[in-house]
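Here is the structure we will look at, set down as structure tokens.
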Amino acid sequence: MAVRPDLLVLDEPSNHVDEGTRDSLIRAVRAYEGVGILISHDVGFVDAVCGQCLVLEKVHRQGRTEMVCRPYRGGFTKVREEMAARDLRNRTLLGQARGETDRLMHEKAHRYQRVQKMDALSGHTNRIDRHDHDAIKRAKYAKSGVSGRQALMPMRVLLPVLQA
């Protein structure tokens, strides 16, 4: 640290040191004015020396999982609290969205049942597929009094039958 590097990388600096050495490390890192990367499991050490933490997190966007690096102000304890609060908000929003989806699906089913009931009451239960040309002809000629095989006959043959 006496050389004043632009980048300081510390990997578990407080491992296997006594309290006095740990306190000296904390003072030295606080006095450092460059960019520092600290990897440590010592939450107290991180809280004592870090003003900002970068956390790698998995996020789900548009059906994909991505790894993002998010900046947080403060030490690890503060970061953990912010992340827990955000996770709680997200779980609450997800629960609300799922509840709304359930409500909409129930409403859809209810409306479908009402439509089915109204169709049954209105007598439109014998709907004809628009691609079923034979059924369409039968229905058309049934209204005019022609029935059976006569309704399926070609028009040129059907005309003499109607005249007879």
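Only a predicted model underlies this, so the values are computations on that prediction, with no experimental measurement involved. Starting from 1, each residue takes its place in the sequence as its number.
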Met67: which residues meet the side-chain contact (heavy atoms from CB on, under 4.5 Å) condition with it, sequence neighbours left out?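 Only Leu56, Lys58 meet the side-chain contact (heavy atoms from CB on, under 4.5 Å) criterion with Met67.
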
Side chain to side chain donor-acceptor pair (under 3.5 Å) with [X]: which residues, sequence neighbours excluded?
X	value
Arg98	none
Arg114	none
His60	Thr65
Gln52	none

Is Glu107 paired with Arg111 through a side-chain N to carboxylate O contact shorter than 4.0 Å?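 Salt bridge present between Arg111 and Glu107.
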
In Å and rounded to the nearest 0.5 Å, what is the SG to CZ distance from Cys50 to Phe76?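 So the SG of Cys50 and the CZ of Phe76 are separated by 11.0 Å.
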
Got a second to check how far Leu10's CG is from Phe45's CZ, nearest 0.5 Å?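 Rounded to the nearest 0.5 Å, the CG-CZ separation comes out at 6.5 Å.
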
Distance-only donor-acceptor pairs under 3.5 Å for side chains of residues 80-90, two or more places apart:
residue, atom, partner, partner atom, Å
Arg86, NH1, Tyr72, OH, 2.3
Arg86, NH2, Glu57, OE2, 2.8

Looking at Lys78, is its backbone amide N or carbonyl O close enough to the side chain of Arg73 to form a donor-acceptor pair, meaning the two atoms are under 3.5 Å apart?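 Answer holds: no.
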
Could you list the cluster mates of [X]? Members are the ILVMFWY residues connected by side-chain heavy atoms closer than 4.5 Å, either directly or through other members.
X	result
Val17	none
Tyr112	none
Leu94	none
Val9	Leu7, Val35, Ile37, Ile39

Specify the closest pair of heavy atoms between [X] and [Y], including all atoms of both residues, with the distance to one decimal.
X	Y	answer
Gly75	Asp47	C-OD1, 3.2 Å
Leu8	Tyr32	N-OH, 3.4 Å
Leu54	Cys69	CB-SG, 3.7 Å
Pro13	Leu25	O-CD1, 3.2 Å

Can you find a heavy atom in the side chain of Lys108 that is under 4.5 Å from one in the side chain of Leu104?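 The answer is no, as the side chains (C-beta and beyond) never meet within the 4.5 Å cut-off.
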
For residues 34-46, pull every pair meeting side-chain hydrogen bond (donor to acceptor under 3.5 Å, both in side chains), keeping only residues two or more places apart or in separate chains.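 Checked against side-chain hydrogen bond (donor to acceptor under 3.5 Å, both in side chains) - neighbours excluded - the pairs reaching residues 34-46 are Glu12-His41, Ser14-Asp42, Arg22-Asp42.
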
Please enumerate all residues that pass salt bridge (Lys or Arg N to Asp or Glu O under 4.0 Å) together with Arg64, with sequence neighbours excluded.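 Arg64 satisfies salt bridge (Lys or Arg N to Asp or Glu O under 4.0 Å) with Glu66 only.
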
Can you tell me if CG on Asp11 sees more than 12 non-hydrogen neighbours from other groups inside 6.0 Å?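 Atom CG in Asp11 is packed in, count exceeds 12.
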
Assigning hydrophobic clusters by single linkage (Ile, Leu, Val, Met, Phe, Trp, Tyr; side-chain heavy-atom cutoff under 4.5 Å), is Val79 placed with Val46?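 Val79 and Val46: separate clusters.
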
